[in-house]
Amino acid sequence: MTQPIANQMHHFTQNNPEGIGQDSVPALLRRVATTIEELGQIEVYDLIMHNEITDDGTNWPSITVYFDYTQTDEPEED
C-alpha cells in the first residue's frame with residue numbers, strides 16, 4: 001500500500017501593481033525580498049519567474065516562491 005504524502009510546501013506569487021513600473025524586475029525582486037523577510041524563518045526551495053504580456057503589449061513579470069517554515073528549535077546555519 002502506498003503511504004500518503006505527509007510533506008507540504010507553501011508558495012506565493014507576487015508581481016508589481018498594474019500601471020507604470022509594472023515591468024520593473026528590480027522593483028519586483030525588492031518586493032519579493034521584503035515578503036520573504038516578513039514571513040520569518042523559512043527555507044526557500046525555488047523561485048520561478050514568469051512573464052505575462054498584457055492586452056496592450058506591456059510586460060508584467062511575476063515571481064512564484066516555493067518555501068517551507070523552518071523549525072524554531074533548529075539552530076540557524078551561517
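Since the structure is predicted, the reported quantities are computational estimates derived from the model, not experimental observations.
Ring pair Phe67/His11: centre-to-centre distance not below 6.0 Å.
Looking only at distances, a side-chain donor or acceptor of Gln22 sits under 3.5 Å from a matching main-chain atom of Gly19. Judged by distance alone, with hydrogens and angles left aside, the side-chain atoms of Thr35 form a donor-acceptor pair with the main-chain N or O of Arg31 at under 3.5 Å. Put simply, the side chain of Thr70 gets close to the backbone of Gln41: a donor and an acceptor are under 3.5 Å apart. With Trp60 contributing its side chain and Asn16 its backbone, the two residues share a donor-acceptor pair below 3.5 Å.
Proximity of Ile53 to Thr58: side-chain heavy atoms (C-beta onward) are nowhere separated by under 4.5 Å. Side-chain contact check for Ile63 versus Leu29: some heavy-atom pair is nearer than 4.5 Å. Side-chain contact check for Leu47 versus Thr64: every heavy-atom pair is 4.5 Å or farther apart.
Transitive grouping of hydrophobic side chains (ILVMFWY, heavy atoms separated by less than 4.5 Å) keeps Tyr45 and Val32 in distinct clusters. Follow the hydrophobic side-chain contacts under 4.5 Å out from Ile48 and you never reach Ile36; the two are in separate clusters. Tyr66 and Val44 are not part of a single hydrophobic cluster, where members link through side-chain heavy atoms under 4.5 Å apart.
The number of heavy atoms from other shown groups lying within 6.0 Å of CG (Asp56) is above 12.
When all heavy atoms of Asn51 and Pro61 are compared, the pair lying nearest together is OD1-N, 3.5 Å.
For the residue pair Gln14 / Ser62, no side-chain donor-acceptor distance below 3.5 Å is found, with atom types taken as modelled.
Within the model, atoms NE2 of His10 and CD of Glu43 stand 12.0 Å from one another, a figure rounded to the nearest 0.5 Å. Met49 contributes atom CE, which lies 11.0 Å from atom CG of Asn15 (distance to the nearest 0.5 angstrom).
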